[in-house]
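Data block below; observations after.
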Amino acid sequence: MTEPIPVTRAVDHGTAKLMPDVDRARAWLLTVDGAPQSYVDLDAPTHLEFEYARRLGHVLDTVDEPGRALDVLHLGGGALTLPRYVAATRPGSRQHVVEADRGLLDLVVTHLPLPEDAGIALHTADARAWLEAAPAGSADVLIADVFGGSRVPAHLTSLAYAREARRVLRSAGVYLANLADAAPFDFLRSQLATFAEVFEELAVIAEPAVLRGRRFGNAVLVAAQEPVDTSALARLTASDAFPARVEHGAGLRRFTGAAAPVRDEDAVPSPQPPQGAFGIG
């Protein structure tokens, strides 16, 4: 058998590289300009290597009854890790993936092809432009995992954007976002204040060290109109190799403090991570 070799391509927004995992026969790490973006095991699509991806997976597992097909909108494609996960855990789901970088999407589908029956439609477009044109009440879950380099773009952080997300979701729908920040958490607090204006229920999943301000890291935002099963999420995240904490209710409101919702004209990208902040979890 021929050993897999790394693949490097210039894409629309940088240089992408697919690197094989020496420990798993058909697993690959995707980086863009050296920053890890996605990890996919073609033989085991339910294997989520990155910590934040596992946390998103835990939320997906607790949405509605296990195995029930869902309509899912993904803003940001990467190596299509979560769409593959949903297709494997919830067969029959209808999924749309919006990725602004056509070159990146072409690289992924060429070298890491999707199963023919995955039910995943791929679109090259700006995430917010697609969201604004999407039908109201068309999604059960909306997952935002969009990074320009290593930063969440400013136009995906505002109150107007949050309102569009709410419009596209059904009444029992759930919004998920992969965010990144560090103390004093100006960005994360502003996102909580923004989404609290639009959604009734909020939760954040992150490592305790991140929430205590000891290091830069990912935080998964969960927003919904109906109560989130935070007890189930707490059990699932606590059992991970790198346990996380689920903050919600009064504790999360205290964390948010006096932060104000973000208007389009005031929106800024998430902070630049320090060198070496991100890696495989």
*Should side-chain heavy atoms under 4.5 Å link Ile, Leu, Val, Met, Phe, Trp and Tyr, which residues sit in the same cluster as Leu105?*
Val7, Val11, Leu18, Trp28, Leu30, Val32, Val40, Leu42, Leu80, Val97, Leu104, Leu107, Val108, Val109, Leu112, Leu114, Ile120, Leu122
*So which heavy atom on Gly76 is nearest to which on Val146, and how close?*
N-CG2, 3.7 Å
_Are there over 12 heavy-atom neighbours, none belonging to Arg167, within less than 6.0 Å of that residue's CZ?_
yes
*Below 4.5 Å, heavy atoms only, C-beta onward: do Val246 and Thr237 meet side chain to side chain?*
yes
*Please confirm whether the backbone N or O of Ala79 pairs with a side-chain atom of Arg84, one donor and one acceptor, at under 3.5 Å?*
yes
_When you compare the side chain of Leu73 with that of Leu131, does any pair of heavy atoms fall below 4.5 Å?_
yes
*Please check if Leu188 and Val262 belong to a single hydrophobic cluster, counting links between Ile, Leu, Val, Met, Phe, Trp and Tyr side chain heavy atoms closer than 4.5 Å.*
no
_Which residues share a ring-ring contact (aromatic ring centres under 6.0 Å, His included) with Tyr175, sequence neighbours left out_ = Phe195
_Within-4.5 Å side-chain heavy-atom neighbours: Val222 and Val220_ = yes
*More than 12 foreign heavy atoms under 6.0 Å from CD of Glu265: is that the case here?*
yes
*Answer yes when Asp12 and Arg102 have at least one side-chain N-carboxylate O distance shorter than 4.0 Å, and no when they do not.*
no
*Ignoring hydrogens and geometry, is there a side-chain-to-backbone donor-acceptor pair from Asp145 to Asn178 under 3.5 Å?*
no
*Before giving the answer on side chain to side chain contact (heavy atoms under 4.5 Å, CB included), spell out for Val204 and Leu192 the whole-Å C-alpha distance, their side-chain angles and the decisive distance to 0.1 Å.*
CA-CA 9 Å; Val204 165; Leu192 291 168; 3.5 Å; yes
*Would you say the side-chain atoms of Thr194 pair up with the backbone N or O of Pro261, donor to acceptor, closer than 3.5 Å?*
no
*May I have the step-by-step check of side chain to side chain contact (heavy atoms under 4.5 Å, CB included) for Asn218 and Phe50, ending in yes or no?*
CA-CA 10 Å; Asn218 294 93; Phe50 288 179; over 6 Å; no
_Please check this pair: side chain of Gln225 against backbone of Glu200, looking for a donor-acceptor N/O pair closer than 3.5 Å._
yes
_One pair to check against side chain to side chain contact (heavy atoms under 4.5 Å, CB included): Val228 and Leu233. What are the steps and the verdict?_
CA-CA 9 Å; Val228 175; Leu233 286 177; 3.7 Å; yes
_Has Arg68 got a side-chain atom pairing as donor or acceptor with Arg90's backbone, closer than 3.5 angstrom?_
no
*Does Asp266 pair with Arg263 as a salt bridge, N-O distance under 4.0 Å?*
yes
*Sub-3.5 Å donor-acceptor pair from the side chain of Ser158 to the main-chain atoms of Ala267, do we have one?*
no
*With Glu207, the salt bridge (charged side-chain N to carboxylate O under 4.0 Å, His left out) member among Arg212, Arg214, Arg215*: Arg215
_Heavy-atom pair with the smallest gap, counting every atom of Arg55 and Ala244_ = NE-CB, 3.3 Å
*Quick one: are Pro271 and Phe216 in side-chain contact, heavy atoms under 4.5 Å?*
yes
*asked:* Using side chain to side chain contact (heavy atoms under 4.5 Å, CB included), reason through Leu70 and Val63 one step at a time and then give a plain yes or no.
replied: CA-CA 9 Å; Leu70 299 172; Val63 172; 4.1 Å; yes
*So which heavy atom on Pro20 is nearest to which on Ile5, and how close?*
CD-C, 4.0 Å
*asked:* Just verifying a value: how many Å separate His111 NE2 and Asp106 CG, rounded to the nearest 0.5 Å?
replied: 10.0 Å
*Verify, without hydrogens or angle tests, whether Arg24 (side chain) and Ala44 (backbone) share a donor-acceptor contact under 3.5 angstrom.*
no
*Rounded distance [0.5 Å steps], OG in Ser138 versus CZ in Arg94*: 10.0 Å
*asked:* Taking the side chain as everything from C-beta on, heavy atoms only, tell me whether Pro6 gets closer than 4.5 Å to Lys17.
replied: yes
*Evaluate the side-chain proximity of His155 to Tyr161: yes if any heavy-atom separation is below 4.5 Å, no if none is.*
no
*asked:* Any heavy-atom pair between the side chains of Thr157 and Val268 that's under 4.5 Å?
replied: no
_If we count only N and O atoms by modelled type, under 3.5 Å, do the side chains of Thr110 and Arg9 hold a donor and an acceptor together?_
no
*Can you check whether His47 and Tyr85 have ring centres sitting under 6.0 Å from each other?*
no
*With no hydrogens and no angle check, is any side-chain donor or acceptor of Asp140 less than 3.5 Å from a backbone partner on Val72?*
no
*At what distance, to the nearest 0.5 angstrom, does OG1 of Thr256 lie from CD of Glu247?*
10.0 Å
*Listed by chain and number, what are the side-chain contact (heavy atoms from CB on, under 4.5 Å) partners of Pro115, not counting sequence neighbours?*
Asp117, Ala118
_Pair Asp33, His13: side-chain N/O donor-acceptor within cut-off below 3.5 Å_ = no
_To the nearest 0.5 Å, what is the distance between OG1 on Thr81 and CD on Gln37?_
10.5 Å
*Can you list every salt bridge (Lys or Arg N to Asp or Glu O under 4.0 Å) pair that touches residues 227-243, not counting sequence neighbours?*
none
*What residues, two or more places apart in sequence or in another chain, satisfy ring-ring contact (aromatic ring centres under 6.0 Å, His included) together with Phe185?*
Phe255
_Tell me whether Glu132 contacts the main-chain N or O of Glu164 through its side chain, where contact means a donor paired with an acceptor under 3.5 Å._
no
*When Ile205 is tested against each of Val59, Leu56, Leu236, Leu221 for side chain to side chain contact (heavy atoms under 4.5 Å, CB included), which residue passes?*
Val59
_Qualifying residues under side-chain hydrogen bond (donor to acceptor under 3.5 Å, both in side chains), relative to Glu226, sequence neighbours excluded_ = none
*Are any side-chain N or O atoms of Arg170 and backbone N or O atoms of Val141, one a donor and one an acceptor, separated by less than 3.5 Å?*
no
*Any idea which heavy atoms bring Leu156 and Gln191 closest together, and the distance?*
O-OE1, 4.3 Å
*Can you see which heavy atom on Ser270 is nearest to which on Ser150, and at what distance?*
OG-O, 4.4 Å
_Looking only at side-chain N and O atoms, does His74 offer a donor or acceptor that is under 3.5 Å from a partner on Gln95?_
yes
*Over all atoms of both residues, closest heavy-atom pair of Gly57 and Leu82*: N-CD2, 4.5 Å
*First locate atom CG of Asp186, then atom CG of Asp181, and finally report the distance between them rounded to the nearest 0.5 Å.*
7.0 Å
_When you compare the side chain of Phe199 with that of Val174, does any pair of heavy atoms fall below 4.5 Å?_
no
